[in-house]
S.K.: 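Pasting in a structure now, in structure tokens, and then I'll have a few things to ask.
Counting starts at 1 for both ligands and their atoms, in listed order. Just so it is clear, the structure is predicted and the values come from calculations on it, not from any experiment.
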Amino acid sequence: MKLTEEQIQQFDTEGYIFLPSCFSKEEIAVLNEAATEIYASNRKEVWRESSGIARTAFAAHTYNEAHSRLAAHPRLVNPVKQILKGNVYMHQYKINAKAAFDGDVWQWHQDFGVWHRDDGMPEPRAMNIALFLDDVTAANGPLLFLPRSHKHGVIDAGHDVETTSYPLWTLDRETVTKLSNQGGCIAPTGPAGSVIMFSSLLVHASPPNISPLPRTIVYLSLCHVDNHITQYKREEWIAHRDFSPIKPLTDNCLTNAHTHDANVAAE
Ligand code: SIN
Ligand code: MN
């Protein structure tokens with residue numbers, strides 16, 4: 001998949017691109033089945049809400065076959081290589097559950113703000129791809145974006161270790177309000193299989209999910225290989241140390257039952 005000039009322009013001005021229904025129902029079923037198994041396991045990489053239900057499964061691409069394929073999927077990796085202009089490595093990989101009834105809030109933050117302060121990532125030459133594994137609606141805790149907020153560099157933030165089970169560098173209400181006056185506040189919603197690409201500087205959050213419907217989203221956080229992290233304070237499964245360039249697989253790698261090797265795309 002290649003982004004058009006218009007899409008690249010939108011990414012630059014708004015800070016994100018929304019691509020509805022990029023992955024088929026069959027592809028999403030493979031990933032969802034894997035996510036259910038992972039959440040049910042006792043792995044250290046599964047971060048839990050204070051209620052005990054799974055919040056995030058980190059690094060699933062290192063221990064699960066379906067997710068290892070998604071981590072090198074050409075529909076995700078190639079557009080990012082296009083935007084970041086070069087080879088990319090996986091800085092972070094997470095499957096966020098936002099469970100029915102109990103899925104907790106993600107406070108207002110910039111991902112690069114966290115990666116820079118905690119992991120010593122030099123520049124915001126990194127970005128996120130979100131793939132919906134469930135339908136995301138207004139009801140089940142969608143991502144919220146402040147469009148155009150990525151134009152302000154790294155914004156002052158405080159280290160919040162109390163609101164949720166997961167510590168985060170978060171923005172105060174006054175800053176969020178000011179930024180929303182510029183580009184509003186939006187919630188991209190759509191069917192399972194939809195994709196959002198967003199800048200690592202874009203300010204975002206998500207409300208708790210009190211609906212009876214889960215809202216699982218996989219995030220690939222990809223970074224230019226020349227811009228890898230320099231500080232190793234966090235666990236290796238949260239901020240990865242493998243800086244080797246991702247080699248995209250073939251487009252049918254999720255549903256093709258053959259070996260991994262058969263899915264390696266021609267150089
Ligand atoms: C994040 O910002 O990293 C996660 C937000 C969400 O999954 O709702
Ligand atoms: Mn984030």
Side-chain angles (χ1 to χ4, degrees), residues 15-16 18 31-32 35 38-39 45-49 53-60 67 70 80 90-119 121 124 126-147 149-150 154-155 157-160 163-171 175-176 179 185-190 192 194-211 213-223 234-235 237-240:
Y16 73 96
F18 182 57
L31 296 163
N32 252 332
I38 295 166
Y39 288 145
E45 294 91 346
V46 180
W47 200 283
R48 301 202 170 263
E49 307 279 18
I53 201 139
R55 177 176 175 86
T56 302
F58 284 101
H67 284 273
L70 185 69
V80 175
M90 187 69 67
H91 169 59
Q92 190 172 77
Y93 187 100
K94 55 191 199 284
I95 316 172
N96 281 3
K98 191 74 87 170
F101 298 110
D102 287 322
D104 209 350
V105 63
W106 284 82
Q107 313 94 301
W108 287 105
H109 68 282
Q110 293 175 299
D111 281 4
F112 180 71
V114 178
W115 303 337
H116 186 60
R117 291 177 180 102
D118 285 347
D119 309 324
M121 186 184 284
M127 56 179 277
N128 284 315
I129 293 207
L131 168 61
F132 297 179
L133 295 194
D134 290 313
D135 294 346
V136 177
T137 70
N140 63 354
L143 267 177
L144 303 179
F145 287 155
L146 301 182
S149 55
H150 64 304
V154 178
I155 301 167
H159 203 206
D160 181 350
T163 307
T164 71
S165 65
Y166 186 69
L168 208 58
W169 289 91
T170 63
L171 275 56
T175 309
V176 171
L179 290 168
C185 176
I186 58 134
T189 55
S194 300
V195 164
I196 310 176
M197 307 193 174
F198 62 102
S199 160
S200 57
L201 284 169
L202 193 72
V203 177
H204 60 285
S206 64
N209 182 12
I210 60 163
S211 86
L213 306 169
R215 191 235 61 182
T216 315
I217 301 182
V218 186
Y219 294 89
L220 281 67
S221 299
L222 297 159
C223 180
R234 299 201 292 175
E235 299 284 359
W237 42 271
I238 294 185
H240 304 313

S.K.: Could you pull out the N/O/S protein atoms under 2.8 Å of the Mn ion (ligand 2), ignoring any water?
M.R.: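 Checking every protein N, O and S atom gives His109 NE2, Asp111 OD1, His204 NE2.
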S.K.: Side chains of Trp108 and Thr170: closer than 4.5 Å at any heavy-atom pair?
M.R.: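 Answer no - side chains too far apart.
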S.K.: Among Asn32, Val195, Ile95, Leu31, find the residue that satisfies the side-chain contact (heavy atoms from CB on, under 4.5 Å) test when tested with Val218.
M.R.: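 Only one of Asn32, Val195, Ile95, Leu31 forms a side-chain contact (heavy atoms from CB on, under 4.5 Å) with Val218, namely Ile95.
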S.K.: Check ligand 1 for close polar pairs with the protein: N or O on both sides, less than 3.5 Å.
M.R.:
residue	atom	partner	partner atom	Å
ligand 1	2 (O)	His109	NE2	3.0
ligand 1	2 (O)	His204	NE2	3.0
ligand 1	3 (O)	Lys94	NZ	3.1
ligand 1	7 (O)	Asn96	ND2	2.8
ligand 1	7 (O)	Arg215	NH2	2.8
ligand 1	7 (O)	Tyr219	OH	2.8
ligand 1	8 (O)	Ser206	OG	2.6
ligand 1	8 (O)	Arg215	NH1	2.8
ligand 1	8 (O)	Arg215	NH2	3.3

S.K.: Is the shortest heavy-atom distance from the side chain of Gln107 to the side chain of Thr164 under 4.5 Å?
M.R.: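 The answer is yes, as the side chains (C-beta and beyond) meet within the 4.5 Å cut-off.
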S.K.: Once ring pair (Phe, Tyr, Trp, His ring centres under 6.0 Å) is applied, do any residues pair with Tyr166, and if so which ones, sequence neighbours excluded?
M.R.: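 Scan of Tyr166 (ring pair (Phe, Tyr, Trp, His ring centres under 6.0 Å), adjacent residues dropped) gives Trp47, Phe58, Trp106.
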S.K.: Could you tell me whether the side chain of Asp134 and the main chain of Thr216 form a donor-acceptor pair under 3.5 Å?
M.R.: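 Yes, the answer is positive, given that a donor and an acceptor are paired below the 3.5 Å cut-off.
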S.K.: Taking only residues two or more places apart in sequence, or in another chain, which ones meet Tyr39 in a ring pair (Phe, Tyr, Trp, His ring centres under 6.0 Å)?
M.R.: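 Expected list: none.
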S.K.: If you take all heavy atoms of Thr189 and Ala138, which pair is closest and at what distance?
M.R.: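 Closest pair (atom of Thr189, atom of Ala138, distance): CG2-N, 3.9 Å.
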S.K.: Going through the checks in order, is the side chain to side chain contact (heavy atoms under 4.5 Å, CB included) test met by Met121 and Ser200?
M.R.: CA-CA 11 Å; Met121 186 184 284; Ser200 57; over 6 Å; no
S.K.: Is there a donor-acceptor contact under 3.5 Å from the side chain of Ser199 to the main chain of His150?
M.R.: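 Side chain of Ser199 to backbone of His150, a donor-acceptor pair under 3.5 Å: no, none is there.
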